[in-house]
Amino acid sequence: NQCFDRQIIVDLAHAAPALIREACGMALTREDGPRPVLISHAGIKAVNPQARNLSEGDIRAVASTGGLIGVGFWRSAMGWTDDEPYQAKMGRIVESFVATLNILTEPHFVEEMEGRYGRYDPYEHLAFGSDFDGATTTAFDVTGVSHVIAALANARNQQMRPVFPRDKLALIAGENTRRVLQAAMPQ
């Protein structure tokens, strides 16, 4: 709570599931209203079920605060091998964004969010989140993010409609991060 009181953004990227739930609970029950938390970079268990990746519950807990899930692009988060083709790696990234969006659009969760906030856009909880600091192996450097945007723009649902319309890509590519950062700034 001291972080929230001091308008510090709480990043739960390396937190255990219990801490994610506890911090999100604190963020939701503040007297001055919910405070968004974020997970700046993580993988998604629905795509790569390794221990450090986010579960459906983790993703919904963060989104319930108005927060942000940064989908990461590195080997252990995505579950690819170094010798996989670039397109396969890009496909895994798209799959991770789609899986996260599916978790955020589960009907009961949508109803809960609309009841809590009066409106709900699941795309407002997605962001690019990766480590480009050299400590992890990524499929590309930061300049490759434009390729992720293009791959997301080409993703289609069963009705062949874009999964990530242009205005939603703008949210994912930076507007959501700006919103969460601004929410923490002193007024």
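Just so it is clear, the structure is predicted and the values come from calculations on it, not from any experiment.
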Closest non-hydrogen atom pair, [X] against [Y]:
X: Met78; Y: Gly72; answer: CE-O, 2.8 Å
X: Ala42; Y: Ile39; answer: CB-CG2, 3.7 Å
X: Leu169; Y: Ala153; answer: CD1-CB, 3.6 Å
X: Pro34; Y: Thr65; answer: CB-O, 4.2 Å
X: Ala151; Y: Met90; answer: CB-CG, 3.5 Å
X: Val180; Y: Gly66; answer: CG2-O, 4.2 Å

Is the shortest heavy-atom distance from the side chain of [X] to the side chain of [Y] under 4.5 Å?
X: Leu152; Y: Val163; value: no
X: Val145; Y: Phe73; value: yes
X: Arg60; Y: Ile103; value: yes

So which of Tyr120, Phe109, Phe97, Tyr117 actually passes ring-ring contact (aromatic ring centres under 6.0 Å, His included) with His125?
Tyr120

Look at the side chain of [X] and the backbone N and O of [Y], then say whether any donor-acceptor pair between them is shorter than 3.5 Å.
X: Asp58; Y: Ser55; answer: yes
X: Arg75; Y: Asp82; answer: no
X: Glu84; Y: Thr81; answer: yes
X: Asn154; Y: Ala150; answer: yes
X: Lys89; Y: Trp74; answer: no
X: Asn53; Y: Ala77; answer: yes
X: Gln50; Y: Ser76; answer: yes
X: Ser40; Y: Ala13; answer: no

Are more than 12 heavy atoms from other residues, nucleotides or ligands located less than 6.0 Å from atom CZ of Arg156?
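For Arg156, atom CZ is crowded (more than 12 foreign heavy atoms under 6.0 Å).
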
Tell me if the CD atom of Glu31 is crowded by more than 12 foreign heavy atoms within 6.0 Å.
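Incorrect, the count does not exceed 12.
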
Using the rule given for side-chain contact (heavy atoms from CB on, under 4.5 Å), can you reason through Val62 versus Leu68, listing the C-alpha separation, both sets of side-chain angles and the distance that settles it, and then say yes or no?
CA-CA 7 Å; Val62 170; Leu68 204 52; 5.5 Å; no

Should [X] and [Y] be regarded as members of a common hydrophobic cluster, given that ILVMFWY residues are connected when their side-chain heavy atoms come within less than 4.5 Å of each other, either directly or indirectly?
X: Leu104; Y: Met113; answer: yes
X: Leu101; Y: Leu38; answer: no
X: Val98; Y: Leu171; answer: yes
X: Ile59; Y: Leu19; answer: no
X: Leu12; Y: Ile9; answer: no

Hey, could you give me the [atom1]/[atom2] distance between [X] and [Y], rounded to the nearest 0.5 Å?
X: Lys168; Y: Leu126; atom1: NZ; atom2: CG; result: 10.5 Å
X: Ile69; Y: His41; atom1: CD1; atom2: NE2; result: 14.0 Å
X: Arg92; Y: Asn48; atom1: CZ; atom2: CG; result: 6.5 Å
X: Glu106; Y: Glu111; atom1: CD; atom2: CD; result: 9.5 Å
X: Ile20; Y: His14; atom1: CD1; atom2: NE2; result: 11.0 Å
X: Glu175; Y: Glu124; atom1: CD; atom2: CD; result: 10.5 Å

Decide yes or no on side-chain contact (heavy atoms from CB on, under 4.5 Å) for Met26 and Val10, but give the supporting numbers first.
CA-CA 11 Å; Met26 285 183 207; Val10 176; over 6 Å; no

Result of checking Ile149, Asn176, Val71 against Phe128 for side-chain contact (heavy atoms from CB on, under 4.5 Å):
Ile149

Criterion side-chain contact (heavy atoms from CB on, under 4.5 Å) on Arg35 and Gln7, from CA distance to verdict:
CA-CA 9 Å; Arg35 289 290 181 89; Gln7 297 180 306; 4.1 Å; yes

